[in-house]
Number of protein chains: 2
Amino acid sequence: MKDNSVYKRSFNACLDLIRRLEPGALLGSEPALARELEVSRTTVRSILVALAAAGVIALEGRSRQVLRHPLDAEYFPDLETEASSELIERRFKEWLLTGDVKPGSIINSLELARRFEVSTSGIREYLNRFSRFGLIERRPNASWVFRGFTSSFALELCDIRELFEMQSIERFAAQIHKEPLRRRLADLKARHIDLLGRIETDFTQFSPLDEAFHRTINDAADNRFIREFYEIISLIFHYHFQWNKVDERERNEIAIHEHLAIIEGLESGDARATRKAVAVHMSSARNSLFRSLRGH
Amino acid sequence: MKDNSVYKRSFNACLDLIRRLEPGALLGSEPALARELEVSRTTVRSILVALAAAGVIALEGRSRQVLRHPLDAEYFPDLETEASSELIERRFKEWLLTGDVKPGSIINSLELARRFEVSTSGIREYLNRFSRFGLIERRPNASWVFRGFTSSFALELCDIRELFEMQSIERFAAQIHKEPLRRRLADLKARHIDLLGRIETDFTQFSPLDEAFHRTINDAADNRFIREFYEIISLIFHYHFQWNKVDERERNEIAIHEHLAIIEGLESGDARATRKAVAVHMSSARNSLFRSLRGH
DNA sequence: TGTCTGTCTGTTATCGTTAAAGTGCACTTG
DNA sequence: CAAGTGCACTTTAACGATAACAGACAGACA
């Protein structure tokens, strides 16, 4: 049956909330807390009852007064707050991406269920959702097959990425006059320049910046299919960063320069230069991905 | 638990197979039949036992002799041969596409389970898989929401379609010297010209031809993401054909001419003309889709 | 020696069940 | 009277169980 990880997660979030208040302060109403914690009032009510029982708050009629700050030991451990579906996702990606599952090998959902200590239904559901990444395939009336991080996967992935990125950049350029976009771009530029200044030591911080940059560009297209595809890109590039440590500093430095060229192209309104800069960046990302897949 | 629809489907397929033989003829070996019916030997063996019991074949040692042709009444009815997952898919699409589910409305999986007479788990799994179409969205810890066949959906869909179609046509053109591609194109051309000749009466036969044409083009890209996206296109255009009956003959006739222009562009090797023809076709498909969504 | 068969074991599809979490409604409170 | 509360009722997430189906292996056959 359902575990109560939603409750535990929200309980912890509520403790955090109380920590930001002084003893004696009053908590908001149940609907207000429900909105804040993003759960239903039912869950909020069970949390409040538990907090009152623990003596963290006093429940009197409609008032919820903070009595004391919660102790560290009163938090539920992280292990228990993870929903079973999240656990499966984490474990599966670990297994697939760091383990040595060979291309073409059969994915045995019963074995995975045992290995991850979850039910087969959970695995089944996850595999279904994961299939959109194009890395696994279902055989009729039978099990799933891992298609592998093959060069054809990388090729197909990069081809689409280039189409989408080019489309997104056009859309971005067309909307550059809008204030929020302009500001976001300036912010990204500053972060790139900042990281470039301390690249010798902090080159590992590029990965989240890369993510932020491309997400900003892609969001400009305002297209659900591009946005969903970007999840795949994120996954692959996230792990690709982990696999390929060779020349990481140099590669990241080059990528920063390439990003800056794109940003400057956008800022100057030079469509031709922007497209050129995107093409250059895509081509080097492609090469780098291929190298790391080959080495893997 | 699992139903035996695989068995029933294969049983029917096996009866078809026997109908093509003369009484007295011998059936192939178990592995051969398993390959032919695309199921395991286990299933083949249960079918053979049932056929022998019914007196359709004689099982003697290693020989399986056909005694008589099967009767129509010996087939399992279609209703029983459909796997529960297929039933759900069919019913759900019917419900969504012909019913009047309003954009933004909540999808109640329990109600659907009752309505379709299947378990909630089945619905749950299907919704998960269907979510890749971008038409439904899961709200955290809660139910699914139908986003609707809105104009923004159509816009986002068409934008991607144009990118993919243009990419595919380039790939197709680059491989046109290969014999199978050339032949497939000639075949498509003939079918288009044939249908054009009897368009006054047979204009409803355009839908499958349209499907075949675009699938051929898209397959040339040899890209799993394009191929998967085409499933969405198919779904939407399939139902769009059902919704919009206005000017159907004219629209189909125009589309045939547009297809022929693309085919001729490819055959002549004129890249510019081909691209132009694709752009024209995409634009008219877009207009037609928008009109039918608005009217719906 | 290579393919086929009997048998047995392992895996998958699907369902029903149950606790957790969400939702609606009447009533209360300020 | 608008927002908050108590309570009952629905709906969802997740599991375990089981029949259907797939696959492996040893021995038989040709």
Side-chain angles (χ1 to χ4, degrees), chain A residues 1-10 27-34 37-49 59 61-64 83-88 106-114 117-128 138-144, chain B residues 1-10 28-35 37-49 59 61-64 83-88 106-114 117-128 138-144:
Chain A
M1 55 219 153
K2 210 168 176 172
D3 63 8
N4 58 352
S5 61
V6 172
Y7 166 75
K8 289 176 176 172
R9 245 195 325 270
S10 314
L27 252 57
S29 70
E30 291 175 1
L33 283 169
L37 300 174
E38 295 181 296
V39 288
S40 73
R41 218 161 54 78
T42 306
T43 303
V44 167
R45 284 168 68 85
S46 0
I47 292 171
L48 291 176
V49 168
L59 281 180
R62 304 207 153 193
S63 107
R64 284 156 295 276
S84 152
S85 55
E86 290 164 1
L87 177 101
I88 292 173
I106 286 168
I107 296 173
N108 184 327
S109 58
L110 192 56
E111 192 208 319
L112 286 185
R114 281 192 288 251
E117 294 175 304
V118 292
S119 73
T120 51
S121 332
I123 297 288
R124 185 178 159 72
E125 175 176 338
Y126 182 70
L127 291 177
N128 253 318
R138 192 209 286 282
R139 295 187 311 169
N141 308 324
S143 46
W144 291 90
Chain B
M1 54 221 153
K2 209 167 177 173
D3 63 9
N4 58 353
S5 61
V6 172
Y7 165 76
K8 289 176 176 170
R9 244 194 326 269
S10 313
S29 70
E30 291 174 2
L33 283 169
R35 263 192 306 277
L37 300 173
E38 294 180 296
V39 288
S40 72
R41 246 187 74 224
T42 307
T43 302
V44 168
R45 284 168 67 84
S46 2
I47 293 171
L48 291 176
V49 168
L59 280 181
R62 304 205 153 192
S63 105
R64 284 158 295 275
S84 153
S85 56
E86 289 163 0
L87 177 104
I88 293 173
I106 285 167
I107 296 173
N108 184 328
S109 58
L110 192 57
E111 192 208 318
L112 287 184
R114 281 192 287 251
E117 293 176 304
V118 293
S119 72
T120 52
S121 333
I123 298 288
R124 184 178 158 71
E125 174 176 337
Y126 182 70
L127 291 177
N128 252 318
R138 192 209 287 285
R139 295 187 311 169
N141 310 325
S143 45
W144 291 89

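Being a predicted model, the structure only gives us computed values, none of them experimental. Quick note on labels: first sequence line is chain A, next is B, and so on, each numbered from 1.
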B:N108 side chain near D:dT12 phosphate (N/O to OP1/OP2, under 4.0 Å) | yes
Given atom CG of B:L87 and atom P of C:dA13, what is their separation to the nearest angstrom?
-> 17 Å
From C:dT14, C:dC15, C:dA13, nucleotide with atom closest to B:S119 side chain | C:dC15
Under 3.5 Å donor-acceptor pair, B:T42 side-chain atoms to D:dA22 base atoms | yes
Between B:T120 and D:dT12, is there a side-chain N or O to OP1/OP2 distance below 4.0 Å?
-> no
With no angle test and no hydrogens, is the base of C:dG22 tied to the side chain of B:R139 by a donor-acceptor pair under 3.5 Å?
-> no
Between C:dT5 and B:R45, is there an OP1 or OP2 to side-chain N/O distance shorter than 4.0 Å?
-> no
So do the side chains of B:I88 and B:S85 get within less than 4.5 Å of each other, counting heavy atoms only?
-> no
Using heavy atoms to find the nearest nucleotide of DNA chain D for A:E117 and A:E30 separately, return the residue whose nucleotide is more 5′.
-> A:E30
Classify the nucleic acid contact of B:S5 as base, sugar-phosphate or nothing, counting any heavy atom under 4.0 Å across all strands shown.
-> sugar-phosphate
To the nearest Å, how far apart are A:D3 CG and C:dA21 P?
-> 7 Å
Find the distance B:R124:CZ to C:dC15:P and express it as a whole number of Å.
-> 15 Å
Of the listed C:dC4, C:dA21, D:dG23, the closest approach to the B:R62 side chain comes from C:dC4
Can you tell me the distance, in whole Å, between the CG atom of B:L110 and the P atom of C:dC15?
-> 14 Å
Round to the nearest Å and state the distance from A:E111 atom CD to C:dT12 atom P.
-> 10 Å
Tell me: NZ of B:K8 to C1' of C:dA13, nearest whole Å?
-> 15 Å
Please state whether the phosphate of C:dG22, meaning OP1 or OP2, lies under 4.0 angstrom from any side-chain nitrogen or oxygen of A:T43.
-> yes
Have a look at B:L112 and say if it touches a base, only the backbone sugar-phosphate, or nothing, with a 4.0 Å heavy-atom cut-off.
-> nothing
Polar pair under 3.5 Å, donor/acceptor by atom type, side chain A:R41, base D:dG4 | no
With respect to the phosphate group of D:dT12, does any side-chain polar atom (N or O) of B:S109 fall under 4.0 Å of OP1 or OP2?
-> yes
Would you call B:R139 and B:I106 a side-chain contact if the rule is heavy atoms closer than 4.5 Å?
-> yes
Quick one: does A:S29's side chain get under 4.5 Å of A:R64's, heavy atoms only?
-> yes
What does B:S121 touch in the nucleic acid at a heavy-atom separation under 4.0 angstrom: a base, only the sugar-phosphate, or nothing?
-> base
Please give the nucleotide sitting opposite D:dA30 as a Watson-Crick or G-U wobble pair, both distances under 3.5 Å, or none.
-> C:dT1
Between A:R138 and C:dA13, is there a side-chain N or O to OP1/OP2 distance below 4.0 Å?
-> yes
For B:I88, report the nucleic acid contact type (base, sugar-phosphate, nothing); a contact means any heavy atom under 4.0 Å.
-> nothing
Could you tell me whether the side chain of A:L33 reaches within less than 4.5 Å of the side chain of A:L48, counting heavy atoms only?
-> yes
Are any non-hydrogen side-chain atoms of B:T42 and B:R45 less than 4.5 angstrom apart?
-> no
Nearest-angstrom distance from the residue atom CD1 of A:I123 to P of D:dA13 = 17 Å
B:R114 atom CZ is separated from C:dG16 atom P, nearest whole Å, by 13 Å
Are A:N128 and A:R138 side-chain neighbours, meaning at least one heavy-atom pair lies under 4.5 Å?
-> yes
By nearest-nucleotide position on DNA chain C, the 5'-leaning member of B:R35 and A:E38 is B:R35
